[in-house]
Amino acid sequence: MKTILVVGNGMVGYKFCEKFVAKEESKQFKLIVFGEEPRPAYDRVHLSEFFENQDAKALEMAPAEWYAENGIELIVDERVADIDRTNKTITTAKDRAFSYDYLVLATGSSAFVPPIKGVEKEGVFVYRTIEDLEGMLAYAAKIKAKNPNAKAAVLGGGLLGLEAGKAVMDMGLEPHIVEFAPKLMPRQLDSRSSQVLQLKLESIGLNIHLSKATNQILGDDGYITGMEFGEDDVLDVEMLVVSAGIRPRDELGKNSGLEVGVRGGIVVDNKMKTSDSNIYAIGEIALYNQMIYGLVAPGYDMAGIAVEQILGKADALMPASIDMSTKLKLIGVDVASFGEPFMPASKGHSIIFENKTQHLYKRINVSLDGKKLLGGILVGDASDYSMLHQIFLNGMAIPEDPAQLILPAGEGGGSFGDVMDLPDKAQICSCENVTKGQICGTIESGESKDLADVVSCTKAGTGCGGCKPMVKDLTEATLKSLGIEVKDSICEHFDLNRQDLYKIIQIKGYKTFNEVLDNHGNGGHGCELCKPVVASLMASINADTANKEYAIQDSNDRFLANIQRNGTYSVVPRVPGGEITPDKLIALGEIAKKYDLYTKVTGGVRIDLFGATLNQLPLIWKDLIDHGFESGHAYGKSLRTVKTCVGSTWCRYGMAESVSFGIELENRYRGIRAPHKIKGGVSGCIRECAEARGKDFGLIAVEGGWNLYLGGNGGATPRHAELFAEQIDNETVIKYIDRYLMFYMRTAKPLQRTAAWQERLEGGLDYLKEVIIDDKLGIAEDLENEMQTLVNKFECEWTQAINDPEMMKRFNHFVNSEEEDDNLVFVPLREQKMPEKWV
Amino acid sequence: MTIVSDKYKTVKPEEVAVWFKAAPVTAFPKDGGACVKYKDLQIAVFNFERLNTWYACQNLSPEKQEMVLSRGMIGDHKGIPMVACPLHKKTFSLENGENLNSDLDPIAVYPIKIEDDFVYVGFSE
Ligand SMILES: Cc1cc2nc3c(=O)[nH]c(=O)nc-3n(C[C@H](O)[C@H](O)[C@H](O)COP(=O)(O)OP(=O)(O)OC[C@H]3O[C@@H](n4cnc5c(N)ncnc54)[C@H](O)[C@@H]3O)c2cc1C
Ligand code: SF4
Ligand code: SF4
Ligand code: FES
């Protein structure tokens, strides 16, 4: 068995492993990977996402177990220190030796730190590894605690520098970008586009300093305090991120006498072989065509070539020209350049569209005969990037008037270039090297039925993610060409989505499931998916309770209680705002005792009584209702609780009566059926004791009124509610929540919480404000009226049920016996009881 | 816990020895079910009105050994009449008891006849 050692477990080193083990022949090799970093390879391209959640695991290319499962030995936290080419062995920094048949160098690059005086000071960082980011976060927190208006600079206005600038801004520091060249992103942009980009970046709060050569880093007691450019030209900053380029980690190559480039990098040929035929170099360490390619896509291609070469496929060669097109993934700013961005007039013509007021710049370069696209630059709106890039890559014909390619739609441009016009060999995902033919093929063969299938079958879109919009378009267009309609229909019985059904039921005034199914279904008989959806819609539209047509209600709604794991139920009466009198609390206790119910305070601060049999439910509820309780709808896709803090009635910080308002809101929206459950929260001041921002609607009392937050939730994917309106009075709060909930009820998908709905709403929060505050769609009055009708029609469904013998029939375990379920077994638990464990 | 599922065996129409008179048809919801007690058995009986057919199966969910299937929603999957367990929405064919959406054991099904507005369930003993 032959041994391959891979030095460097970065993105490209990992990709080599992935591509290698995918080959049948790989079984005849032993693969050992060395990584100097303390963790397995992670997605450096998306490094900035670490700031959002500080979740290093989420960035992993594959978990550590993956290597073991694929027969790869992964050794992290151990640098390879030396290569002995004669004996074909390596030695690590921990003085362990390993021998190899093939050696693959994937040591990448490190950040280049120019030799500026004082650059070693505390507070100067580079932007390359998770550890760098952790250091930046800790340092930023420290300086911010001392000075909330602290400034930070980024040295370097290139692709990475701008990304770092955004990160610094998100950390709450005043961001400054310092660039030596007279323009931003000097490798990708011309001067005019750089100016437009500068305007745009300044408008979002980044300060840009061009043509600045840094003489020294100023400091005090070893900590950075500023940057000096000229004699009187100083920028006070307390932190600096150096992003001035990269330097290949070629020390192993140099020490062992491999051929290296003058400015670094280990020289390789188009087989990825170094000057030693048993040693390969790939990724950001490899000097190919006298270039280091600082992008993942070429690195991944190199990994693929090295795999093939080691397995003996001599004809697998790296292409001579490598596409360096790039799109900046800065949130909120579109920048892209492709092909030949700056072109001398002798080679072709440029067409430029500029609109500085809108921060827009588009340039395309076409060949002298006007037939081919040679390259271009997009700033402010890069939505055409994917298509233009493809036209360029595939040498596709362009319109007679090439201006159409970049003119805004409606001004003679727009519609040119349909994804389906691309040739099959067009490479859609450059990271994973997936062609249009492969994407369409997996759908045409039936292997993939939707976008998720396409992504998992082809891996397209799993790298930088830049190709995702195009993969989606292609998937949809292919499905459509096969006559498969791309619809989010609710189930096999309807070709309609929830929103369509909502409109239909509202307009036609249907009252039963069968009416809807017979008139708009596909001829089937319904199922566990569509029945509850229709039931919920009829409830949302007609204020029906779940007692009507109980056989189409979801498991819990059918018996107005939450089914538990042994088939018994739990009972939760409403306690609006969490306020309860001692007498009512005693009554609850008495009732729980009478029926021997396990009792617990719920996460929504109500009292939950567990272990009720079907037969007991009406008896328990009769007792509860006699004591002044009503249904808490804990079983429904409807309002659960409005959680409140005690507010100004008791709390010494309170600014408003949060309990009173919470009770009012809970009573207003109780019983209303929605696509999913809804929770509210009201806090009396910004200390936020009611956790209102974790709710679908949340209020926080501030000077001059309430701040309203919308679209939060806990659960499997927690999300903070977004600030929607500030300092509004009670009446306005109710108006906005009425409109919001009703709009959500009309348009969400089945079982979609407000958070997910809001997140996917086209136009986002701004659009929501336009609809709800500015009434852009002219529906605000309808929404309010519909909500008011629901509020007026509220009826406690448990009171309704126990007063109607027909409705009561369902609360018997047997139709032919008064007996209860004889299969139930309870066991003791801390002075109460619980169901016997599942087998 | 005792395994009760052994008590439930599918009965074919030709194997019926006892027609048990369970309850009047009005005791069952339209396009829904209710539970019938026969000896120590619990049988879920469904009035599939849209098909003008009645079905019966064990009330026991084979996944979790709880007596709940009669409280499940009915309908069809690709034309096969089915019941969905209220606990985790596992679906079972009402015609042959087969589990339609994962690989659980099939449930037992029983013949039904309607006479003089009464529902009878067929048992082999
Ligand atoms: C913030 C940021 C954003 C980026 N954005 C993009 C982008 O949008 N698009 C794009 O295409 N590219 C982007 N890049 C560049 C991209 O991340 C690199 O091209 C890619 O990571 C190179 O992969 P690599 O495996 O060659 O090197 P690396 O990922 O650097 O991996 C090399 C690994 O080898 C280890 N190593 C080095 N020497 C030794 C040794 N002697 N022994 C053991 N281990 C060793 C290193 O510690 C490192 O873990 C970005 C980079 C950064 C930092
Ligand atoms: S949120 Fe404010 S008002 Fe409410 S309990 Fe906490 S501190 Fe008091
Ligand atoms: S978190 Fe899980 S186990 Fe706990 S109540 Fe919710 S669903 Fe049940
Ligand atoms: S191009 Fe990067 S993921 Fe497809």
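Predicted model, so just to flag it, every value in this text is computed and none were measured.
- Using a distance-only test at 3.5 Å, with no hydrogens or angles considered, a donor-acceptor pair links the side chain of R71(B) to the main chain of G567(A).
- Between M73(B) atom CE and C530(A) atom SG the span is 9.0 Å, to the nearest 0.5 Å.
- For a residue to count as touching a neighbouring chain, one of its non-hydrogen atoms must lie under 4.5 Å from one of that chain's; by this rule K30(B) touches chain A with the backbone only.
- Under a cut-off of 6.0 angstrom, the local environment of CD in E125(B) is sparse, with at most 12 non-hydrogen atoms contributed by other residues, nucleotides or ligands.
- Taking all atoms of both residues into account, the shortest heavy-atom contact from G526(A) to M82(B) is O-CE, 4.5 Å.
- In terms of non-hydrogen atom pairs under 4.5 Å with chain A, the most contact-rich of G75(B), C35(B), P81(B) is C35(B).
- Looking at M67(B) and L614(A), their side chains never come closer than 4.5 Å, going by heavy atoms from C-beta outward.
- Interatomic distance, E66(B) CD to Q564(A) CD, rounded to the nearest 0.5 Å: 11.5 Å.
- Only the backbone of I552(A) comes within contact range of chain B, judged by heavy atoms closer than 4.5 Å.
- For K531(A) against D31(B), the heavy-atom pair with the smallest separation is NZ-O, 3.9 Å.
- With a 4.5 angstrom heavy-atom cutoff, E549(A) does not touch chain B via any of its atoms.
- Side-chain atoms of N816(A) do not come within 3.5 Å of backbone N or O of V36(B) as any donor-acceptor pair.
- Residue contact with chain A, scored on non-hydrogen atoms closer than 4.5 Å, involves the backbone and the side chain of A27(B) alike.
- Heavy-atom contacts from other residues, nucleotides or ligands closer than 6.0 Å to NZ of K622(A) number 12 or fewer.
- Looking at F46(B), neither its backbone nor its side chain comes within 4.5 Å of chain A, counting heavy atoms on both sides.
- The side chain to side chain contact (heavy atoms under 4.5 Å, CB included) test with P29(B) singles out one residue from K809(A), R810(A), R558(A), and that residue is R558(A).
- For N812(A), no part lies near chain B; criterion is any non-hydrogen pair under 4.5 Å.
- For K89(B) against S555(A), the heavy-atom pair with the smallest separation is CE-OG, 3.9 Å.
- For the atom pair H813(A) NE2 and Q42(B) CD, the distance stands at 3.5 Å (nearest 0.5 Å).
- Of the listed residues L51(B), D40(B), V68(B), the one with more heavy-atom pairs under 4.5 angstrom with chain A than any other is L51(B).
- In this structure, chain B has no heavy atom under 4.5 Å from any part of N556(A).
- Other residues, nucleotides and ligands place more than 12 heavy atoms under 6.0 Å from the NZ atom of K113(B).
- For E528(A), the parts lying under 4.5 angstrom from a heavy atom of chain B are both the backbone and the side chain.
- Heavy-atom neighbours of K749(A) NZ from other residues, nucleotides or ligands within 6.0 Å: at or below the threshold of 12.
- Other residues, nucleotides and ligands contribute over 12 non-hydrogen atoms within 6.0 Å of the CG atom of N519(A).
- Checked by atom type and distance alone, the side chain of H525(A) never pairs as donor or acceptor with a backbone atom of I74(B) at under 3.5 Å.
- Among the candidates C491(A), G523(A), P835(A), G524(A), the residue making the largest number of heavy-atom pairs closer than 4.5 Å to chain B is G524(A).
- Interface remark: S61(B) contributes no atoms to any contact with chain A (heavy atom separation under 4.5 Å).
- Contact count versus chain B (heavy atoms, under 4.5 Å) is highest, among N514(A), L529(A), I563(A), for N514(A).
- Contacts of Y550(A) with chain B are made by side-chain atoms alone, with heavy-atom separations under 4.5 Å and no backbone atom involved.
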